[in-house]
Amino acid sequence: MLYSEKVMDHFAHPRNVGELPDANAVGTVGNPKCGDIMQMMLKIENDVIVDVKFKTFGCGAAIATSSMATELVKGATIQEALALTNKAVMEALDGLPAVKVHCSVLAEQAIRAAISDYYRRQGIDPVPIVGELEDHDEEVPED
Ligand code: FES
């Protein structure tokens with residue numbers, strides 16, 4: 001089986017999918033090579049992510065990783081969310097095939113982009129806190 005049961009479950013039944021009208025942090029990222037796009041919407045109160053929704057126009061692994069990432073950051077502090085790596089999301093999904101690792105990077109980046117947006121809306125430079133949002137340079141392997 002190429003995909004773990006958890007990946008299949010989060011792909012078939014993604015958690016926290018949709019819109020978050022009162023979001024105060026929105027991040028959209030894309031991978032120019034595969035063309036997939038992911039948007040994370042967070043509602044942050046007192047440094048805690050109290051609600052989260054996502055929309056992913058992308059492959060099944062991108063949907064599963066964004067779903068799992070929302071589960072992992074819901075109720076987390078900003079600092080905890082910033083510490084969430086794509087590796088941790090993959091581990092929570094019991095792994096991804098090597099050709100799909102870049103999809104999980106999108107989820108990590110979407111959360112960082114949303115938190116950057118949160119600071120920017122308050123006139124705070126996010127770079128010292130969140131770091132540069134580097135362009136996605138991970139290769140999408142050709143098969
Ligand atoms: Fe592009 Fe999965 S995010 S193929």
Side-chain angles (χ1 to χ4, degrees), residues 1-45 47-121 124-143:
M1 180 72 182
L2 190 55
Y3 290 108
S4 74
E5 269 174 40
K6 278 192 193 163
V7 172
M8 292 310 292
D9 178 39
H10 277 264
F11 167 58
H13 311 284
R15 324 296 200 266
N16 307 308
V17 73
E19 300 276 348
L20 193 58
D22 56 351
N24 56 2
V26 179
T28 307
V29 294
N31 182 312
K33 298 210 177 77
C34 64
D36 291 352
I37 298 167
M38 188 182 293
Q39 184 175 59
M40 284 279 172
M41 290 151 274
L42 312 177
K43 185 176 176 196
I44 300 175
E45 277 174 8
D47 275 7
V48 174
I49 298 168
V50 294
D51 206 359
V52 50
K53 288 264 196 277
F54 81 93
K55 284 192 296 192
T56 292
F57 181 78
C59 72
I63 291 167
T65 47
S66 25
S67 170
M68 179 55 89
T70 60
E71 293 267 275
L72 293 172
V73 300
K74 203 172 195 173
T77 64
I78 292 178
Q79 288 313 316
E80 288 166 342
L82 285 175
L84 182 70
T85 60
N86 73 301
K87 200 162 165 274
V89 178
M90 283 198 300
E91 275 165 14
L93 286 168
D94 294 336
L96 277 176
V99 293
K100 288 286 166 184
V101 171
H102 76 276
C103 317
S104 65
V105 174
L106 219 48
E108 178 191 314
Q109 289 185 329
I111 289 169
R112 299 177 77 81
I115 293 171
S116 294
D117 176 57
Y118 172 71
Y119 286 117
R120 235 178 275 113
R121 287 181 193 215
I124 299 169
D125 178 9
V127 174
I129 306 162
V130 181
E132 294 283 358
L133 297 176
E134 73 278 13
D135 269 346
H136 199 286
D137 53 8
E138 207 153 320
E139 291 296 317
V140 177
E142 322 221 337
D143 48 15

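Counting starts at 1 for both ligands and their atoms, following the listed order.
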TODO: Mind reading off the angle at atom 2 (Fe) of ligand 1 between the SG atom of Cys59 and the SG atom of Cys103, rounded to 10°?
DONE: 100°
Task: Ligand-side contact atoms (ligand 1) for residue partner Ala62, heavy atom cut-off under 4.0 Å - done: 3 (S)
Open item on the list: Just to verify, what does Asp36 make a side chain to side chain donor-acceptor pair (under 3.5 Å) with, not counting sequence neighbours?
Closed with: none
Task: By side chain to side chain donor-acceptor pair (under 3.5 Å) - contacts of Lys74 (at least two apart) - done: Asn16
Open item on the list: So, 4.0 Å and heavy atoms of Lys100: is ligand 1 close enough to count as a contact?
Closed with: yes
Open item on the list: Below 4.0 Å from ligand 1: does a non-hydrogen atom of His102 turn up there or not?
Closed with: yes
- [ ] Report the angle formed at atom 1 (Fe) of ligand 1 by atom SG of Cys34 and atom OD2 of Asp36, rounding to the nearest 10°.
- [x] 100°
Open item on the list: One pair to check against salt bridge (charged side-chain N to carboxylate O under 4.0 Å, His left out): Glu108 and Lys87. What are the steps and the verdict?
Closed with: CA-CA 9 Å; Glu108 178 191 314; Lys87 200 162 165 274; over 6 Å; no
- [ ] In sequence, state the C-alpha distance, the side-chain angles, and the governing distance for Arg15 and Asp9, and then conclude on salt bridge (charged side-chain N to carboxylate O under 4.0 Å, His left out).
- [x] CA-CA 10 Å; Arg15 324 296 200 266; Asp9 178 39; 2.8 Å; yes
Open item on the list: If you count heavy atoms of other groups shown closer than 6.0 angstrom to OH of Tyr119, is the number above 12?
Closed with: yes
